[in-house]
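Scroll down for the structure; my scribbles are underneath it.
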There are 2 protein chains.
Amino acid sequence: MGGHGHPYSPAELELPGFVPQRLSQGQILAPFVGTAVLAVLGAWLISGRCGGGRISKTDRLLMGWWVFTALTHIVFESPFLFTPDFLSKKNPNYFDEMFKEYSKGDSRYASRNTAVLALEVITIGLKGPASLLAVHILQFAVSLGQLYGCLLYFITAYLDGFNFWVSPFYFWAYFIGSNSSWVIIPTLIATRSWKKISAAFQAEKVKTR
Amino acid sequence: MGGHGHPYSPAELELPGFVPQRLSQGQILAPFVGTAVLAVLGAWLISGRCGGGRISKTDRLLMGWWVFTALTHIVFESPFLFTPDFLSKKNPNYFDEMFKEYSKGDSRYASRNTAVLALEVITIGLKGPASLLAVHILQFAVSLGQLYGCLLYFITAYLDGFNFWVSPFYFWAYFIGSNSSWVIIPTLIATRSWKKISAAFQAEKVKTR
């Protein structure tokens, strides 16, 4: 714990009324990872059973991704938006503790930085719900939104001083690591959608000739 | 001019070394509007002549829009990004004066707010060049990016206090007015692209049945 009564970086950050984290890293990560695995597995099994074998394995995996990303945006991120006092609550719940832990990787969550808040508003309000409806074109649209959001997230961090993590571990594990899925997977999906859309246009052209 | 030596809002904003604006509103707006009209007209005439009558009027108008938007992003906005000292330059050029004028509608440009800078980095680096290449799918992608950017622009302004304009005139004319094209036109283009893509998928489905 730094001289300012909190573990975050930069140390001079003022966080009045900060209540220290009680749950350990493992206690916070286990439920999150467990829910994620269950969601992907559930989507895989249900799409296999109800699809009658007509849905390709790629599409079934993609369904798992969309359920996982919707769940993260709606269930795990929205408590952050609606709990401005999560750092100072006397009886913090799981979600409050989760964002205290994540703030070790990016203290802009602890200080409620404007750009981060704005990104979360869009993520929770638009990309979360849209993920649940993601058909081909919408998959393309939402994936582009995720890429755009991640780009802004990293650029604003850079412009604001790039010193929001407690240590290199938290920089790589939280700030880079946990966000990289939202760079890699949307890139793959956007590329795939682009090809599918191009193929459809090609087919339309051939047909109307 | 406020007590802090500049005309912007909020008045307590510190802008050391501010050099007052020399060009009038008319002197700043006329070249911008003139260039825009020329660009749209040029795209219209060239696409009419070189397209051999095969390009629809809607597509020719759209070309005008993409030339205009690329021009705005690349020619008019990039000097802002690469001139961090535009407020204090002893011999300000047209672009410096232009952003002094626009700052009356959103002082976050004068104070070089992080979210605004990050949005400009993406706008100039990605959306500007992509506008010049905008074919069907890319038109959809870039329009979504413009909508996403405008949404973030307005949300960050709201979260940061919503007090960045000198008067209601500048709020409506600059902050709302000049940005509204990038809400209305991308919405129209995204809707049109969505329909075209859906039609292509439909045609592909019919064909492969």
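Numbers restart at 1 for each chain; the letters A, B, ... are given by sequence-line order, proteins then strands.
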**Message:** Is A:L117 in contact with chain B via its backbone, its side chain, both, or neither, using a 4.5 Å heavy-atom distance?
**Reply:** both

**Message:** Test: side-chain hydrogen bond (donor to acceptor under 3.5 Å, both in side chains). Region: residues 74-86 of chain B. Which pairs qualify, not counting sequence neighbours?
**Reply:** B:H73-B:E77

**Prompt:** When only pairs under 4.5 Å are counted, which of B:L119, B:V121, B:L126 shares the most heavy-atom pairs with chain A?
**Reply:** B:L119

**Fill in**
Turns out that what part of B:S193 lies under 4.5 Å from chain A's heavy atoms comes down to neither

**Request:** Sort by residue number and list every member of residues 146-172 of chain B having a non-hydrogen atom under 4.5 Å from chain A.
**Result:** B:Y148, B:G149, B:L151, B:L152, B:I155, B:T156, B:L159, B:D160

**Request:** Return each pair, listed once, that meets ring-ring contact (aromatic ring centres under 6.0 Å, His included) where at least one residue sits in residues 114-133 of chain A; pairs must be two or more places apart or across chains.
**Result:** none

**Request:** Before giving the answer on side-chain contact (heavy atoms from CB on, under 4.5 Å), spell out for A:F140 and B:I197 the whole-Å C-alpha distance, their side-chain angles and the decisive distance to 0.1 Å.
**Result:** CA-CA 11 Å; A:F140 185 59; B:I197 294 172; 5.8 Å; no

**Request:** Examine whether an atom of A:A199 lies under 4.5 Å from a heavy atom of chain B, and if so say whether it belongs to the side chain, the backbone or both; otherwise answer neither.
**Result:** both

**Asked** Taking only residues at least two apart or on different chains, which pairs with a member in residues 104-122 of chain B satisfy salt bridge (Lys or Arg N to Asp or Glu O under 4.0 Å)?
**Response** B:E101-B:K104, B:D106-B:R108

